[in-house]
Amino acid sequence: MSLAIASRFAHALADILVSPEAADDAVAKLRSFQALQHSCPELDKILISPAVSARKKRAVAARFAETLGFSPLLKNFLFVLIDHRRTGMLGEILTSLEAQLDERRGIVRAGVQSARPLDEGQRREIEAALGRATGKQVFGQYAVDEALIGGLIARVGSRVYDGSVRGQLQAMRSRLVRS
């Protein structure tokens, strides 16, 4: 249920952001506000507490939004979240917003785990190969998994591309058992 709600708020914001630059700026500023909210427990309590009036919440949020350089549109979006008591969902809304903006741009995110750190050239090659496989522009989010013997595992959406040594050994074992 909360994912559906977050998706609706994200969709509404994505629809009114007129350019990719405005979208990127909105995401960055909202992420800054979210980080501020998490780093300041008092702010978080004020924005989430039902005991604090929406008017007071708006005043506090407006001060922080001004400091962070929010546009009037972005400040109004924050006010909508306050009015609908959804400031606690800002992280989910942002995740959904980024996914919707990526989809509109033809971009997919890939989680890539490798046995060792990858250099920029290797990362570009992996993103290009995944781009050919998906037909979309791919941006990788990389992590090292020391449990892998070698190779890598890439996740794009619900699809997993297992190029790890462990995965290849398991596939070979399965083929030998079936034979």
Side-chain angles (χ1 to χ4, degrees), residues 1-15 17 19-41 44 47-48 68 74 77 81 86-179:
M1 178 69 160
S2 66
L3 288 177
I5 294 168
S7 180
R8 277 184 265 168
F9 279 98
H11 188 80
L13 182 56
D15 283 347
L17 295 170
S19 69
E21 295 79 20
D24 292 340
D25 184 57
V27 168
K29 288 189 173 151
L30 286 171
R31 284 272 178 222
S32 295
F33 185 84
Q34 180 191 27
L36 184 64
Q37 185 179 353
H38 288 309
S39 69
C40 182
D44 197 34
L47 292 175
I48 293 177
L68 294 172
L74 206 51
F77 178 75
L81 294 182
R86 300 294 185 208
T87 54
M89 295 180 67
L90 185 56
E92 293 168 284
I93 293 168
L94 282 168
T95 298
S96 181
L97 175 63
E98 289 174 321
Q100 288 182 33
L101 292 172
D102 284 350
E103 184 178 320
R104 292 175 185 201
R105 295 173 182 167
I107 296 172
V108 293
R109 305 248 176 219
V112 179
Q113 295 177 316
S114 59
R116 61 181 177 78
L118 302 171
D119 64 37
E120 274 306 306
Q122 292 168 319
R123 290 178 178 204
R124 279 194 302 274
E125 286 179 36
I126 290 165
E127 289 171 5
L130 291 171
R132 287 189 297 275
T134 62
K136 298 186 181 226
Q137 183 179 0
V138 175
F139 284 108
Q141 297 167 322
Y142 297 89
V144 173
D145 182 355
E146 294 175 2
L148 295 175
I149 299 168
L152 58 92
I153 298 173
R155 286 178 177 78
V156 180
S158 61
R159 184 132 186 156
V160 177
Y161 299 92
D162 190 345
S164 67
V165 172
R166 180 178 33 181
Q168 292 173 12
L169 289 172
Q170 287 173 344
M172 189 182 307
R173 178 176 182 232
S174 294
R175 284 191 303 270
L176 289 172
V177 169
R178 280 184 296 199
S179 306

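Residues: numbered from 1 along the sequence shown.
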Kindly list each side-chain donor-acceptor pair under 3.5 angstrom involving residues 140-154, sequence neighbours excluded, with atom names and distances?
residue: Y142; atom: OH; partner: R123; partner atom: O; Å: 3.2
residue: Y142; atom: OH; partner: E127; partner atom: OE2; Å: 3.0
residue: D145; atom: OD1; partner: A147; partner atom: N; Å: 3.0

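- I93 has its side chain within reach of L81: a pair of non-hydrogen atoms, C-beta onward, lies under 4.5 Å apart.
- The CE atom of M89 sits 5.0 Å away from atom CD1 of I5, with the distance rounded to the nearest 0.5 Å.
- Across all their heavy atoms, F77 and F9 have their closest contact at CE1-O, 3.7 Å.
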Take Q34 and L90 through the test side chain to side chain contact (heavy atoms under 4.5 Å, CB included) and record every step on the way to the result. CA-CA 7 Å; Q34 180 191 27; L90 185 56; 3.8 Å; yes

Taking it one step at a time, do E125 and L118 satisfy side chain to side chain contact (heavy atoms under 4.5 Å, CB included)? CA-CA 11 Å; E125 286 179 36; L118 302 171; over 6 Å; no

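- To the nearest 0.5 Å, the span separating NZ on K136 from CG on L130 amounts to 13.5 Å.
- Residues S96 and Q100 bring a donor and an acceptor atom of their side chains to less than 3.5 Å of each other.
- To the nearest 0.5 Å, the span separating CZ on R159 from OG1 on T134 amounts to 10.5 Å.
- The backbone N or O of L3 sits nowhere less than 3.5 Å from a side-chain atom of S7 that would complete a donor-acceptor pair.
- Residue pairs meeting the salt bridge (charged side-chain N to carboxylate O under 4.0 Å, His left out) criterion with at least one partner in residues 87-115, sequence neighbours excluded, are D15-R104, D24-R105, R31-E98, D102-R109.
- Residues satisfying the side-chain contact (heavy atoms from CB on, under 4.5 Å) criterion with A99, sequence neighbours excluded, are absent altogether.
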Using side chain to side chain contact (heavy atoms under 4.5 Å, CB included), reason through L13 and L30 one step at a time and then give a plain yes or no. CA-CA 12 Å; L13 182 56; L30 286 171; 3.8 Å; yes

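- Proximity of F33 to L47: side-chain heavy atoms (C-beta onward) are separated by under 4.5 Å at one or more points.
- Distance CG/L17 to CG/D25: 9.5 Å, rounded to 0.5 Å.
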